[in-house]
Amino acid sequence: MKDTGIRSLATILSKNSEMKLPEKTGYKVLALIAVLGIMIPCTAIVGFISYVMTEALLEAGSPGGGMLFEMQILSAFSMVFGIMVIFSVLFFSSDREHFVTLPIPAHHLMMAKFIYAYFAESVMEFLILVAVFVGYFLAIGKNVGIGAALHPVSLIASVLGVALIPLIPMIYCAVFSLILMAALRGVKNIGIFYRTSTIFLLIFAGLFIYSLRGIGEVNMENYVESLGSGDNSFLKTLNVIFFPVPWLSEAISRGSILYLLLYIIGNAALIAVLYFLGKLLYQEGLYTAASLGSSKKADIRAKDITEVSQFRASLMKEMKVILRTKAFSGNCAYINILWPAGIWALFHFTKDKGGMAAFIEMYKTGHARADMILLMAVVGVAFIATALNSLASTAFTREGQHLSLIKFIPVPYETQLLAKAVLSFIFTYPALLATDIIVCIYMGVPFYMGVFYALVMFMAHVIGIVIGIMMDSSAPYIDWDDEYSALRGNLNTFFNMAVMMVISVVIIGIGLLLYELLKLPIVAFYMVLFIILAGAMIRLLMVGKVKIIENMEKM
């Protein structure tokens with residue numbers, strides 16, 4: 001089979017493995033909101049960061065240092081979050097049994113799956129890389145003139161960089177998957193592999209923390225200075241792991257054809273390594289995957305079978321699906337820990353420095369603006385956290401091909417719906433409550449205000465749950481190959497995040513209008529916010545329940 005066969009297979013996989021945009025006007029509006037509310041703002045922020053870092057590093061004599069650091073950070077994140085996706089796509093997608101019976105060389109199938117996964121996983125990264133290079137060229141152009149900055153070789157290298165920077169970490173993930181699957185041939189324990197993404201994350205996090213040593217006070221200025229001096233151990237390590245990326249940086253910053261050719265050759269060599277390694281190991285890896293799948297047996301004993309209520313049985317079933325599935329447990333359940341952990345780290349390391357110290361002082365001295373900003377922040381976190389964990393927006397998608405069972409099992413729709421909503425609440429609201437407590441302790445918030453924050457976060461969380469479940473019930477994505485596809489390819493998750501961000505912006509806008517323009521007291525904002533959230537929550541609970549049950553009847 002020729003290379004065109006690999007491309008054809010990749011095209012087939014891409015068409016059959018992603019959720020199609022429903023032909024509904026509402027979903028087209030949501031798609032526009034997602035683009036305007038998530039993709040464009042994220043890329044704009046990254047471009048601004050690239051611009052500022054490049055300007056700072058120009059003074060340190062290393063104009064390409066910021067761009068190189070951003071490219072390497074993106075490479076590290078691609079490797080951490082891509083390892084499980086690549087492994088699942090290569091060895092445990094549901095189409096495996098169909099393809100292995102066809103007269104297709106196994107390594108050609110592997111390359112097709114790799115190409116599909118590479119493009120599916122890298123769409124947002126492509127946009128971010130465009131922003132990185134635009135910010136870089138604008139900063140350079142400001143200093144030496146835009147004509148001098150836009151060297152033809154630099155432009156060609158940046159275009160290639162957008163397309164190829166995510167490639168190297170994905171190749172590493174695929175190579176690692178092949179080697180480890182070969183090792184699992186005798187171990188018969190797939191659980192070993194499912195811990196590797198956590199191991200990679202801890203390794204990269206450890207390297208980053210280690211790079212903070214010797215820079216003095218931990219702040220952005222000192223860290224950028226360490227990048228410019230070339231003494232940053234984190235960047236040095238990444239330059240070794242993702243070795244072609246520094247060549248790309250030199251090609252862009254110097255306009256060097258030699259470094260551009262080295263970069264192309266480096267990527268080509270890694271692709272060749274993956275191709276020939278796949279030729280040696282992929283077929284056997286598929287056999288190992290099949291034996292691992294068939295070795296899973298349910299351990300059901302008489303004492304495990306107990307009689308419980310319909311609601312409890314439904315909730316336990318939802319809990320088991322989340323906790324026993326690596327993709328769902330990591331991306332839907334454990335991700336919520338990031339909010340209290342991240343807020344604690346933010347306050348612990350910055351409470352006595354710069355803007356954070358000034359903000360805390362403003363709040364403690366009774367400035368109404370600081371009070372309003374803090375309230376809007378905690379409400380915004382509640383909305384975004386609810387959408388980010390995808391628990392609500394994949395409520396029906398998680399059923400997959402068995403979705404129709406919800407119509408035939410002897411459990412009322414209301415009970416099944418309540419179990420899905422309570423599941424999201426159990427995994428999300430305690431983390432939000434912990435975040436509230438941490439904020440109140442560090443900011444010195446009075447107890448009654450902490451209770452008010454907890455209440456408005458609860459209402460925002462419930463609104464997010466109802467909207468997420470309602471969206472997923474309207475157009476659930478059930479034709480997914482694996483659990484990672486159910487999360488990655490589900491447009492409802494993306495659209496729900498966009499809606500939550502828009503709602504957060506609207507609430508912030510109301511606060512600014514009441515305080516900055518109408519000059520109303522902060523108490524008026526509390527009252528308006530409470531009334532809006534309470535009214536929206538009650539209305540959604542009434543209307544949303546009816547709409548979701550109607551959608552369940554049509555499934």
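Note that the numbering runs from 1 along the sequence shown for the chain.
Note: Phe87 and Phe91 meet the aromatic proximity criterion, with ring centroids under 6.0 Å apart.
With contacts defined as side-chain heavy-atom distances shorter than 4.5 Å, the pair Ile467/Phe383 does not qualify. Under the 4.5 Å side-chain criterion, counting only non-hydrogen atoms from C-beta, Met500 is not in contact with Leu388. Side-chain contact between Val46 and Leu127 is absent, with no heavy atoms from C-beta onward closer than 4.5 Å. When side chains are defined from C-beta on, Phe396 does not count as touching Asn551, because their heavy atoms never get closer than 4.5 Å. Between Phe525 and Asp371 there is no side-chain heavy-atom pair separated by less than 4.5 Å. Between Met181 and Leu286, every side-chain heavy-atom pair lies at or beyond the 4.5 Å cut-off. Between His461 and Ser424 the shortest side-chain heavy-atom distance falls below 4.5 Å. No side-chain heavy atom of Glu399 sits less than 4.5 Å from a side-chain heavy atom of Ile478.
Within the model, atoms CZ of Phe176 and CD1 of Ile86 stand 13.5 Å from one another, a figure rounded to the nearest 0.5 Å. Atom NZ of Lys407 sits about 11.5 Å away from atom CG of Leu405, to the nearest 0.5 Å. Here the CG atom belonging to Asp472 is positioned 3.5 Å from the OG1 atom belonging to Thr397, to the nearest 0.5 angstrom. Of the inter-residue distances, the one linking Leu417 atom CG with Met552 atom CE reads 6.0 Å to the nearest 0.5 angstrom. To the nearest 0.5 angstrom, Cys173 atom SG is 12.0 Å from Ile168 atom CD1. A distance of 7.5 Å separates CG of Asn492 from OG of Ser474, quoted to the nearest 0.5 Å.
For residues 541-555, there are no salt bridge (Lys or Arg N to Asp or Glu O under 4.0 Å) pairs, not counting sequence neighbours.
Tyr526 and Phe452 have tilted rings, their planes meeting at an angle from 30° to 60° on a 0 to 90° scale.
Proximity of a side-chain donor or acceptor of Gln72 to a complementary backbone N or O of Leu238 within less than 3.5 Å is detected. Side chain of Gln416 to main chain of Val411: a donor-acceptor pair is present (N/O by atom type, distance under 3.5 Å, no hydrogens or angles). Of the possible polar contacts, none joining the Asn496 side chain to the Ser390 backbone as a donor-acceptor pair under 3.5 Å is found.
Closest approach of Tyr429 to Ala454, counting heavy atoms only: OH-O, 2.7 Å.
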